[in-house]
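Data block below; observations after.
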Amino acid sequence: MFEEAQYFAPVAAQQDGSVVVELSASHPGFADPVYRARRNAIAGLAVNYRPGTPIPAAEYTEQEHEVWALVTRELAVKHAKYATAEYLDGVDRLGLPQERIPQLEEVSRLLEPLTGFRYLPAAGLVPLRDFYGVLADGYFHSTQYIRHHSVPFYTPEPDVIHEVIGHANALASSRYAALYRLAGQAARRVQSDEALEFVSKVFWFTLEFGVMREAGELKAYGAGILSSYGEIEEFRGMDIRPLDLSAMGTTHYDITKYQDVLFRADSLQHLEDVVGDFWDTCDDDSIAKLIAAAV
Ligand code: NLE
Ligand code: FE2
(Lines give C-alpha, C1' and ligand atoms only; values in the text may rest on other atoms or scores of the structure.)
(Ligands and ions follow the chains in the order given, each with its own letter.)
Protein backbone atom coordinates (compact mmCIF):
# COMPACT_ATOMS: atom_id res chain seq x y z
CA MET A 1 0.00 0.00 0.00
CA PHE A 2 2.78 2.42 0.78
CA GLU A 3 5.82 2.92 -1.40
CA GLU A 4 8.09 1.75 1.39
CA ALA A 5 6.83 -1.79 0.94
CA GLN A 6 8.66 -2.11 -2.39
CA TYR A 7 12.21 -1.91 -1.20
CA PHE A 8 12.29 -4.18 1.81
CA ALA A 9 12.92 -7.82 1.03
CA PRO A 10 10.25 -9.95 2.74
CA VAL A 11 11.42 -11.97 5.70
CA ALA A 12 9.92 -15.39 6.45
CA ALA A 13 10.36 -17.21 9.77
CA GLN A 14 10.81 -20.97 9.27
CA GLN A 15 9.46 -23.74 11.48
CA ASP A 16 12.91 -24.54 12.85
CA GLY A 17 13.29 -20.96 14.10
CA SER A 18 15.60 -19.86 11.29
CA VAL A 19 14.76 -16.93 9.01
CA VAL A 20 14.84 -16.62 5.22
CA VAL A 21 15.10 -13.27 3.47
CA GLU A 22 13.54 -13.28 -0.01
CA LEU A 23 15.76 -11.19 -2.27
CA SER A 24 14.34 -10.33 -5.68
CA ALA A 25 16.19 -11.49 -8.79
CA SER A 26 17.31 -7.90 -9.45
CA HIS A 27 18.98 -7.56 -6.04
CA PRO A 28 22.79 -7.41 -6.40
CA GLY A 29 23.10 -10.13 -3.76
CA PHE A 30 20.57 -12.50 -5.38
CA ALA A 31 23.13 -14.89 -6.91
CA ASP A 32 25.63 -14.64 -4.05
CA PRO A 33 25.04 -17.54 -1.62
CA VAL A 34 27.45 -16.12 0.97
CA TYR A 35 25.59 -12.81 1.02
CA ARG A 36 22.23 -14.54 1.24
CA ALA A 37 23.34 -16.63 4.20
CA ARG A 38 24.54 -13.43 5.93
CA ARG A 39 21.22 -11.72 5.29
CA ASN A 40 19.31 -14.67 6.75
CA ALA A 41 21.50 -14.85 9.86
CA ILE A 42 21.28 -11.10 10.52
CA ALA A 43 17.51 -10.98 9.95
CA GLY A 44 17.21 -13.81 12.48
CA LEU A 45 18.73 -11.59 15.16
CA ALA A 46 15.96 -9.02 14.75
CA VAL A 47 13.13 -11.54 14.39
CA ASN A 48 14.14 -13.21 17.66
CA TYR A 49 14.88 -9.93 19.48
CA ARG A 50 13.02 -9.31 22.74
CA PRO A 51 12.42 -5.61 23.59
CA GLY A 52 14.24 -4.46 26.68
CA THR A 53 17.22 -6.77 26.10
CA PRO A 54 20.53 -5.69 24.50
CA ILE A 55 20.54 -5.89 20.71
CA PRO A 56 22.40 -9.08 19.72
CA ALA A 57 25.72 -8.41 17.99
CA ALA A 58 25.96 -9.30 14.31
CA GLU A 59 29.22 -11.03 13.50
CA TYR A 60 30.23 -9.18 10.38
CA THR A 61 32.75 -10.55 7.89
CA GLU A 62 35.97 -8.76 6.90
CA GLN A 63 34.42 -7.99 3.53
CA GLU A 64 31.42 -6.36 5.23
CA HIS A 65 33.65 -4.20 7.42
CA GLU A 66 35.55 -3.18 4.28
CA VAL A 67 32.32 -1.98 2.64
CA TRP A 68 31.65 0.19 5.71
CA ALA A 69 35.20 1.59 5.67
CA LEU A 70 35.07 2.35 1.95
CA VAL A 71 31.68 4.08 2.13
CA THR A 72 32.71 6.02 5.26
CA ARG A 73 35.84 7.31 3.45
CA GLU A 74 33.94 8.30 0.32
CA LEU A 75 31.13 9.95 2.25
CA ALA A 76 33.45 11.96 4.51
CA VAL A 77 34.72 13.83 1.45
CA LYS A 78 31.22 14.41 0.07
CA HIS A 79 29.74 15.41 3.43
CA ALA A 80 32.35 18.14 3.80
CA LYS A 81 31.06 19.61 0.53
CA TYR A 82 27.35 18.88 0.59
CA ALA A 83 26.05 18.25 4.14
CA THR A 84 24.53 20.91 6.39
CA ALA A 85 26.62 22.35 9.23
CA GLU A 86 24.19 20.91 11.76
CA TYR A 87 24.67 17.38 10.34
CA LEU A 88 28.47 17.77 10.27
CA ASP A 89 28.32 18.84 13.89
CA GLY A 90 26.39 15.61 14.60
CA VAL A 91 29.13 13.59 12.85
CA ASP A 92 31.71 15.15 15.20
CA ARG A 93 29.60 14.65 18.29
CA LEU A 94 28.70 11.01 17.57
CA GLY A 95 32.17 9.81 16.58
CA LEU A 96 31.22 6.62 14.70
CA PRO A 97 33.98 4.08 14.03
CA GLN A 98 35.44 4.49 10.55
CA GLU A 99 37.06 1.13 9.86
CA ARG A 100 34.39 -1.30 11.08
CA ILE A 101 30.63 -1.55 11.28
CA PRO A 102 29.44 -0.51 14.73
CA GLN A 103 26.96 -2.78 16.48
CA LEU A 104 23.52 -1.19 16.94
CA GLU A 105 23.97 -1.45 20.70
CA GLU A 106 27.12 0.63 20.36
CA VAL A 107 25.27 3.22 18.25
CA SER A 108 22.72 3.52 21.07
CA ARG A 109 25.49 3.97 23.62
CA LEU A 110 27.00 6.81 21.59
CA LEU A 111 23.68 8.45 20.78
CA GLU A 112 21.69 8.21 23.99
CA PRO A 113 23.83 10.66 26.01
CA LEU A 114 23.50 13.20 23.19
CA THR A 115 19.78 13.25 22.41
CA GLY A 116 18.21 10.27 24.19
CA PHE A 117 17.74 8.24 20.99
CA ARG A 118 18.31 4.46 21.02
CA TYR A 119 18.31 1.93 18.19
CA LEU A 120 15.99 -1.06 17.78
CA PRO A 121 16.76 -3.94 15.38
CA ALA A 122 14.47 -4.45 12.36
CA ALA A 123 14.58 -7.52 10.11
CA GLY A 124 12.90 -5.65 7.27
CA LEU A 125 9.83 -3.50 6.80
CA VAL A 126 8.36 -2.25 10.08
CA PRO A 127 4.67 -1.24 9.85
CA LEU A 128 4.49 2.55 9.43
CA ARG A 129 2.60 3.14 12.66
CA ASP A 130 5.26 1.33 14.71
CA PHE A 131 8.22 2.68 12.77
CA TYR A 132 7.14 6.30 13.16
CA GLY A 133 5.26 5.97 16.44
CA VAL A 134 8.25 4.90 18.52
CA LEU A 135 10.24 7.90 17.32
CA ALA A 136 8.11 9.82 19.82
CA ASP A 137 9.76 7.75 22.59
CA GLY A 138 13.25 8.20 21.16
CA TYR A 139 13.54 4.79 19.44
CA PHE A 140 14.78 4.29 15.90
CA HIS A 141 14.16 0.99 14.08
CA SER A 142 17.23 -0.03 12.12
CA THR A 143 18.27 -2.79 9.76
CA GLN A 144 21.54 -4.51 10.66
CA TYR A 145 22.68 -5.99 7.32
CA ILE A 146 24.97 -4.16 4.94
CA ARG A 147 24.56 -3.50 1.20
CA HIS A 148 26.18 -5.86 -1.30
CA HIS A 149 29.88 -5.14 -1.86
CA SER A 150 29.42 -4.91 -5.65
CA VAL A 151 27.28 -1.74 -5.37
CA PRO A 152 28.66 0.28 -2.44
CA PHE A 153 27.61 3.72 -3.65
CA TYR A 154 23.83 3.22 -3.58
CA THR A 155 21.12 0.86 -2.36
CA PRO A 156 17.36 1.37 -2.63
CA GLU A 157 16.98 -0.94 0.37
CA PRO A 158 17.92 0.73 3.66
CA ASP A 159 20.94 -0.96 5.23
CA VAL A 160 23.10 -0.35 8.30
CA ILE A 161 25.10 2.30 6.42
CA HIS A 162 21.96 4.28 5.65
CA GLU A 163 20.48 3.82 9.12
CA VAL A 164 23.63 4.73 11.00
CA ILE A 165 25.64 7.11 8.81
CA GLY A 166 22.50 8.75 7.39
CA HIS A 167 20.22 8.78 10.43
CA ALA A 168 22.32 8.44 13.58
CA ASN A 169 24.56 11.38 12.68
CA ALA A 170 21.40 13.46 12.24
CA LEU A 171 19.90 12.07 15.45
CA ALA A 172 23.04 13.29 17.25
CA SER A 173 21.79 16.85 16.65
CA SER A 174 19.26 17.99 19.21
CA ARG A 175 17.44 20.09 16.60
CA TYR A 176 17.06 17.25 14.09
CA ALA A 177 16.29 14.77 16.89
CA ALA A 178 13.45 17.03 18.04
CA LEU A 179 11.99 16.90 14.52
CA TYR A 180 12.14 13.08 14.49
CA ARG A 181 10.28 13.01 17.80
CA LEU A 182 7.62 15.38 16.48
CA ALA A 183 7.14 13.13 13.43
CA GLY A 184 6.56 10.24 15.83
CA GLN A 185 4.02 12.19 17.84
CA ALA A 186 2.18 13.10 14.62
CA ALA A 187 2.11 9.44 13.51
CA ARG A 188 0.55 8.50 16.85
CA ARG A 189 -2.00 11.31 16.76
CA VAL A 190 -3.49 10.71 13.32
CA GLN A 191 -6.17 8.08 12.89
CA SER A 192 -6.68 7.34 9.22
CA ASP A 193 -4.22 5.53 6.96
CA GLU A 194 -4.41 8.49 4.55
CA ALA A 195 -3.28 10.90 7.25
CA LEU A 196 -0.50 8.54 8.32
CA GLU A 197 0.70 8.23 4.74
CA PHE A 198 0.73 12.03 4.47
CA VAL A 199 2.85 12.31 7.64
CA SER A 200 5.23 9.65 6.31
CA LYS A 201 5.60 11.40 2.95
CA VAL A 202 6.45 14.67 4.67
CA PHE A 203 9.10 12.67 6.56
CA TRP A 204 10.34 11.21 3.27
CA PHE A 205 10.77 14.63 1.61
CA THR A 206 12.42 16.15 4.69
CA LEU A 207 14.31 13.88 7.10
CA GLU A 208 14.96 11.26 4.37
CA PHE A 209 15.56 13.43 1.30
CA GLY A 210 15.47 17.05 2.43
CA VAL A 211 17.82 19.77 1.21
CA MET A 212 18.28 23.25 2.55
CA ARG A 213 19.83 26.56 1.70
CA GLU A 214 22.87 27.40 3.77
CA ALA A 215 25.14 30.41 3.20
CA GLY A 216 23.89 30.72 -0.37
CA GLU A 217 24.51 27.06 -1.23
CA LEU A 218 22.29 24.00 -1.42
CA LYS A 219 23.09 21.40 1.27
CA ALA A 220 21.58 18.04 2.14
CA TYR A 221 20.24 17.03 5.55
CA GLY A 222 18.14 14.04 4.45
CA ALA A 223 19.55 10.66 5.51
CA GLY A 224 18.91 9.04 2.12
CA ILE A 225 21.11 11.54 0.31
CA LEU A 226 23.75 11.55 3.03
CA SER A 227 24.22 7.74 2.97
CA SER A 228 24.76 7.37 -0.78
CA TYR A 229 27.99 8.62 -2.29
CA GLY A 230 26.38 8.20 -5.72
CA GLU A 231 23.21 10.16 -5.09
CA ILE A 232 24.89 12.90 -3.07
CA GLU A 233 26.77 13.97 -6.22
CA GLU A 234 23.51 14.37 -8.14
CA PHE A 235 20.99 16.06 -5.85
CA ARG A 236 21.80 19.65 -6.81
CA GLY A 237 20.77 18.94 -10.41
CA MET A 238 17.33 17.62 -9.50
CA ASP A 239 13.95 19.41 -9.63
CA ILE A 240 14.26 21.46 -6.41
CA ARG A 241 10.94 22.83 -5.13
CA PRO A 242 10.14 25.18 -2.25
CA LEU A 243 9.06 23.59 1.04
CA ASP A 244 5.31 22.99 0.77
CA LEU A 245 3.34 20.67 3.05
CA SER A 246 0.51 19.94 0.61
CA ALA A 247 2.97 19.07 -2.13
CA MET A 248 5.30 16.97 0.04
CA GLY A 249 2.45 14.99 1.55
CA THR A 250 0.95 14.09 -1.84
CA THR A 251 3.86 13.84 -4.28
CA HIS A 252 4.58 10.34 -5.55
CA TYR A 253 8.12 9.01 -5.31
CA ASP A 254 10.00 5.99 -6.61
CA ILE A 255 12.26 4.53 -3.97
CA THR A 256 14.33 2.49 -6.44
CA LYS A 257 16.03 5.45 -8.15
CA TYR A 258 17.84 8.66 -7.29
CA GLN A 259 15.13 11.09 -6.15
CA ASP A 260 14.36 13.55 -8.95
CA VAL A 261 12.04 15.83 -6.96
CA LEU A 262 13.38 17.41 -3.78
CA PHE A 263 12.05 20.10 -1.44
CA ARG A 264 14.25 22.90 -0.15
CA ALA A 265 13.96 24.66 3.20
CA ASP A 266 15.38 28.18 3.38
CA SER A 267 17.09 27.35 6.70
CA LEU A 268 16.87 24.93 9.60
CA GLN A 269 14.65 27.46 11.37
CA HIS A 270 12.35 27.48 8.34
CA LEU A 271 12.17 23.66 8.44
CA GLU A 272 11.33 23.76 12.15
CA ASP A 273 8.69 26.46 11.64
CA VAL A 274 6.91 24.73 8.76
CA VAL A 275 7.46 20.99 9.21
CA GLY A 276 8.11 20.89 12.96
CA ASP A 277 4.98 22.93 13.59
CA PHE A 278 2.98 20.73 11.19
CA TRP A 279 3.95 17.52 13.01
CA ASP A 280 3.38 19.20 16.36
CA THR A 281 -0.21 20.18 15.58
CA CYS A 282 -1.57 18.11 12.67
CA ASP A 283 -4.63 15.89 12.89
CA ASP A 284 -6.87 14.10 10.41
CA ASP A 285 -8.87 17.27 9.67
CA SER A 286 -5.92 19.55 9.06
CA ILE A 287 -4.32 16.90 6.85
CA ALA A 288 -7.56 16.44 4.85
CA LYS A 289 -7.45 20.19 4.14
CA LEU A 290 -3.81 19.98 3.03
CA ILE A 291 -4.68 17.08 0.70
CA ALA A 292 -7.62 19.03 -0.75
CA ALA A 293 -5.35 22.03 -1.30
CA ALA A 294 -2.79 20.00 -3.28
CA VAL A 295 -2.74 20.83 -6.97
N1 NLE B 1 19.79 5.22 -1.23
C2 NLE B 1 20.26 5.23 0.13
C3 NLE B 1 21.69 4.67 0.20
O4 NLE B 1 22.19 4.19 -0.80
O5 NLE B 1 22.30 4.72 1.25
C6 NLE B 1 19.33 4.45 1.05
C7 NLE B 1 17.95 5.05 1.06
C8 NLE B 1 16.97 4.34 1.95
C9 NLE B 1 15.64 5.00 1.97
FE1 FE2 C 1 15.84 6.11 6.27
Side-chain angles (χ1 to χ4, degrees), residues 2-9 26-29 64 67-79 82-83 87 90-91 96 101 104 107 111 117 119-128 130-135 139-173 176-177 179-181 183-184 187 199-211 220-235 238 248 251-263:
F2 297 111
E3 279 93 337
E4 275 97 320
Q6 301 165 6
Y7 62 86
F8 272 107
S26 61
H27 192 286
E64 289 173 325
V67 173
W68 175 276
L70 166 73
V71 175
T72 294
R73 259 192 324 273
E74 294 285 339
L75 282 177
V77 180
K78 316 269 187 203
H79 287 167
Y82 303 127
Y87 174 86
V91 171
L96 289 172
I101 310 168
L104 296 185
V107 175
L111 195 51
F117 264 89
Y119 269 44
L120 288 175
L125 183 67
V126 175
L128 290 195
D130 297 344
F131 177 84
Y132 291 108
V134 298
L135 293 173
Y139 285 105
F140 188 84
H141 276 110
S142 170
T143 54
Q144 246 174 317
Y145 57 81
I146 198 160
R147 62 195 62 188
H148 194 258
H149 57 85
S150 63
V151 193
F153 58 89
Y154 177 82
T155 167
E157 190 193 37
D159 69 340
V160 68
I161 290 178
H162 168 71
E163 315 279 27
V164 176
I165 298 182
H167 286 292
N169 284 321
L171 287 165
S173 145
Y176 291 136
L179 288 168
Y180 279 79
R181 282 182 197 267
V199 166
S200 84
K201 283 186 158 186
V202 172
F203 186 95
W204 176 264
F205 285 112
T206 57
L207 296 172
E208 286 290 357
F209 282 95
V211 296
Y221 67 93
I225 300 176
L226 293 166
S227 63
S228 165
Y229 66 87
E231 186 157 4
I232 198 172
E233 279 293 344
E234 306 292 334
F235 75 90
M238 299 303 182
M248 290 190 289
T251 296
H252 176 78
Y253 59 84
D254 178 355
I255 167 75
T256 62
K257 300 199 280 247
Y258 290 175
Q259 297 303 296
D260 53 5
V261 173
L262 301 172
F263 290 89

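Both ligands and their constituent atoms are indexed starting at 1 by order of listing. Numbers here simply count residues along the sequence, with the first being 1.
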Heteroatom N/O/S of E208 within less than 2.8 Å of the Fe ion (ligand 2): yes
Under 3.5 Å side-chain donor-acceptor pair for E163 and Y119: no
4.0 Å heavy-atom contact, R147 with ligand 1: yes
Aromatic ring proximity Y229/Y154, centre distance under 6.0 Å: no
Atom 5 (O) of ligand 1: the protein heavy-atom neighbour that sits closest, reported with distance to 0.1 Å: S227 OG, 2.6 Å
R181 NZ/CZ over F117 ring centroid, <6.0 Å and within 45° of normal: yes
Nearest to the Fe ion (ligand 2) - the N/O/S atom of H167, by atom name: NE2
Shortest-distance N, O or S atom of H162 relative to the Fe ion (ligand 2): NE2
T155 heavy atom under 4.0 Å from ligand 1: yes
Whether F140 and Y180 hold their rings parallel, tilted or perpendicular, with breakpoints at 30° and 60°: perpendicular
W68 side chain near I161 side chain, heavy-atom distance below 4.5 Å: yes
Modelled atom types, side-chain donor and acceptor of H162 and E157, under 3.5 Å: no
Atoms in ligand 1 flagged as close to G224, the criterion being non-hydrogen separation under 4.0 Å: 2 (C)
